[in-house]
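Order of listing sets the numbers, starting from 1, for every ligand and every atom in it. Small disclaimer: the values here were computed from a predicted structure and weren't measured. As a basis for the values below, the full set of heavy atoms in this structure was taken, side chains included, without hydrogen atoms, waters or symmetry mates.
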Amino acid sequence: MIELGVNIDHVATLRQARRTWEPDPAWAAMEAHLGGADGITVHLREDRRHIQDEDVRRLRELTQIKLNLEMAATDEMVGIACALKPEMAMLVPEGRHEVTTEGGLDVLAQEGRLKDVVARLADAGIVTSVFIDAELEQVEAAARIGARVCEIHTGPYAHAFHAAGRDAQSAAVVEQIDKVCRAGEAIRALGMRFNAGHALNYYNVQPIARLPGVRELHIGHAIVSRSVFTGLREAVREMKRLMREAAGAGR
Ligand SMILES: CC(=O)[C@@H](O)[C@H](O)COP(=O)(O)O
Ligand SMILES: NCC(=O)COP(=O)(O)O
């Protein structure tokens with residue numbers, strides 16, 4: 001069964017707009033759980049623009065579903081992860097000036113260093129995922145550093161889908177879906193778990209949820225945006241329904 005990891009970064013974005021205590025990401029995690037989320041994702045950024053260290057600590061303590069900590073592969077973050085022990089840590093590239101993550105991690109270019117990071121996380125009992133572009137050489141590098149999971153960056157697909165007026169049959173969209181699909185096949189052939197995420201929403205999620213062997217989607221901005229109008233529990237429930245409908249139908 002396909003799983004949904006709900007990214008609650010932007011609940012914290014709203015709180016940080018006033019540097020106050022509400023809305024509380026821990027409360028959001030409970031609501032997401034009740035809506036059918038299989039996991040919670042947070043990105044503890046170096047600049048702490050949304051999620052704070054204390055949020056991750058409280059989420060670790062209170063969340064009863066899997067916790068996925070997105071982080072840069074720095075000594076500071078590895079130390080935090082090893083102390084808090086989320087079920088999964090996902091290594092992502094990070095830039096202070098980006099609005100959100102702009103591309104996949106270049107695993108190939110820093111294999112030696114990342115292999116050491118994966119080993120340190122594994123020693124603490126943490127599964128490592130890497131957020132990568134849908135490129136075969138990045139998938140192969142991920143396997144060589146010992147990553148157990150690859151999350152394929154669906155931003156280029158989402159961009160093409162939007163640019164094509166949400167026409168999933170357009171050539172540009174089909175090309176992007178095929179790229180994600182081929183990357184997924186390679187991930188599975190190398191014995192890793194195939195996840196996907198970034199910029200997925202209620203309109204574009206189904207072609208990705210339908211891909212063979214995709215195990216988990218991580219979705220944040222669209223769910224938190226909808227929750228302003230429907231409440232988080234309902235926003236999660238609807239996303240899960242769309243994913244299950246698509247996964248049940250197959251590709
Ligand atoms: C890695 C990824 O695709 C997103 O989860 C992103 O890193 C979330 O971070 P922001 O919420 O700061 O955009
Ligand atoms: N790793 C992707 C994620 O957690 C959510 O990304 P988005 O839906 O906020 O773009």
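Using modelled atom types and a 3.5 Å distance limit, the side chains of Asn68 and Thr41 yield a donor-acceptor pair.
Atom numbering of ligand 2 starts at 1 in the shown order; those under 4.0 Å from a heavy atom of Ala199 are 7 (P), 8 (O), 10 (O).
In terms of polar-atom proximity, Asn7 is counted as a contact of ligand 2, with an N or O under 3.5 Å from an N or O of the ligand. Among the atoms of His221, some N or O lies under 3.5 angstrom from an N or O of ligand 2. On a distance-only criterion, His50 and ligand 1 share at least one N/O pair closer than 3.5 Å. Considering backbone and side-chain atoms together, Leu200 places no N or O closer than 3.5 Å to any N or O of ligand 2. Checked by distance only, ligand 1 and Thr100 come closer than 3.5 Å through their nitrogen or oxygen atoms.
Counting heavy atoms closer than 4.0 Å to ligand 1, residue His218 contributes nothing at all. Here Glu151 has no heavy atoms under 4.0 Å from ligand 1, in either its backbone or its side chain.
Not a single donor-acceptor pair under 3.5 Å links the side chain of Lys66 to the backbone N or O of Glu87.
At least one heavy atom of Glu70 lies less than 4.0 angstrom from ligand 2. A heavy-atom separation below 4.0 Å is found between Met90 and ligand 2. Using a 4.0 angstrom heavy-atom cutoff, Ala222 does not count as in contact with ligand 2.
Counting non-hydrogen atoms of other residues, nucleotides and ligands closer than 6.0 Å to CZ of Arg188 gives a total above 12.
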